[in-house]
Amino acid sequence: MGLDAVSLGRTGLRVSEVAFGTWRFGRENDAGEVEVGRERAHELLDAYADAGGRFIDTADMYGSGRAEQYIGEWLAGRDRDEYVVASKIYWPTREGPNGRGLNRKHLRNNVDAILDRLDTDYLDVLYIHRWDDRTPAREFMRTLDEFVRDGKVHYLGASTFEPNAWKVAKANEIARREGYEPFTVVQPRYNAVNREIEATYLDMCRDYDLGVVPWSPLAGGFLTGKYARGEVPPEGTRGATDQQFVDSYLTPENFDALEEVEAVAEEVGATPAQVSLSWLLHHEQVVAPITGARTPDQLRENLAAADLTLSADQFERIADAK
Ligand SMILES: NC(=O)c1ccc[n+]([C@@H]2O[C@H](COP(=O)([O-])OP(=O)(O)OC[C@H]3O[C@@H](n4cnc5c(N)ncnc54)[C@H](OP(=O)(O)O)[C@@H]3O)[C@@H](O)[C@H]2O)c1
């Protein structure tokens with residue numbers, strides 16, 4: 001019972017098999033409400049840690065820096081070294097043309113700001129949050145390598161997806177040629193209804209031995225089964241306040257795939273959320289899905305997915321559903 005430790009790709013670092021994502025910490029939704037304030041954030045982190053969770057995912061822009069701040073305050077009362085904390089840089093965090101992207105000025109500025117907010121000397125994993133076509137890969141790979149040499153960052157990751165598979169490969173070839181630290185982990189979107197990385201990205205990851213840490217493992221909540229075909233999203237859900245979510249997730253094809261997830265859930269006596277997470281946990285290339293629960297109850301439900309076993313047939317049926 002509880003969360004096991006797994007290797008982060010080919011690195012020597014061990015992480016929890018389910019990571020906890022903090023995107024909603026300090027974030028205002030379209031209705032102007034803070035989705036997860038400080039107190040709730042600390043309750044969620046407590047619930048995750050109580051279940052044995054040690055792999056926390058954040059980014060410099062989550063809640064305009066508040067997510068990292070909440071995590072830093074929470075970590076202050078704990079043994080920092082027990083936790084693996086990952087953050088990301090790319091999206092704008094200050095005004096001006098250099099306040100975004102992967103240029104050296106922005107990267108150096110932000111890595112220090114991240115360490116300040118988290119109140120820590122080092123980050124376990126630093127991801128590029130997206131690919132930056134304006135900055136040469138050689139420039140940012142060299143800057144990222146500097147962070148590893150300085151001990152500010154331990155491992156490098158790329159949070160990019162399908163069309164950029166070849167770019168990640170190119171960056172790692174540059175790193176190999178120049179003796180820089182390569183990317184050893186990637187963070188793409190992946191779940192039972194968002195399968196775009198199956199085109200070429202996963203092949204690239206296999207070839208470069210990159211650990212895959214998927215975001216939105218429940219398709220933002222769609223795979224929990226709380227949305228019904230043709231019905232208005234329930235109050236208080238992401239679907240109720242986010243039209244983009246409704247347009248991209250509440251589609252006929254997704255509801256068809258969800259039916260297969262629900263059928264398997266019935267067979268194994270689990271919830272659709274648990275089966276969806278378990279499907280990723282059974283995937284040979286997945287290191288740790290990042291669950292994005294908004295309440296401690298949701299989180300406890302999701303973490304119990306680690307104890308679930310799917311048969312090969314059940315795995316394949318979900319794989320074939322979309
Ligand atoms: N690298 C990137 O570009 C990127 C992008 C997105 C996310 N991420 C990372 O991945 C993490 C997870 O992403 P995500 O929030 O989209 O993940 P997700 O797990 O697919 O969706 C989380 C949402 O699903 C609903 N939910 C979760 N568990 C539930 C349950 N048991 N019952 C009912 N509803 C449940 C909640 O929505 P309601 O609000 O409706 O309750 C919650 O906000 C983020 O926190 C972040 O760390 C990274």
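Heavy atoms only: backbone and side chains are in, while hydrogens, waters and symmetry mates are out. When a ligand or atom number is given, it counts from 1 through the structure's own listing order.
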First-shell residues of ligand 1 [heavy atom, distance under 4.0 Å]:
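Residues within 4.0 Å of ligand 1: Gly21, Thr22, Trp23, Asp57, Tyr62, Lys88, His129, Arg130, Ser159, Gln187, Trp215, Ser216, Pro217, Leu218, Ala219, Gly220, Gly221, Thr224, Lys226, Tyr227, Thr237, Arg238, Ile290, Gly292, Arg294, Gln298, Glu301, Asn302.
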For [X], all residues meeting ring-ring contact (aromatic ring centres under 6.0 Å, His included), sequence neighbours excluded:
| X | answer |
| --- | --- |
| Tyr227 | Phe245 |
| Tyr190 | Trp279, His283 |
| Tyr70 | none |

Contact summary for Pro296 and Ala47, nearest pair of heavy atoms
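The pair with the smallest heavy-atom distance is CB-CB, 4.4 Å.
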If you look at every heavy atom in Pro289 and Leu280, which pair is closest and at what distance?
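Looks like CB-CD1, 4.0 Å.
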So, for Trp131 and Phe161, is the gap between ring centers shorter than 6.0 Å?
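That pair fails the under 6.0 Å test.
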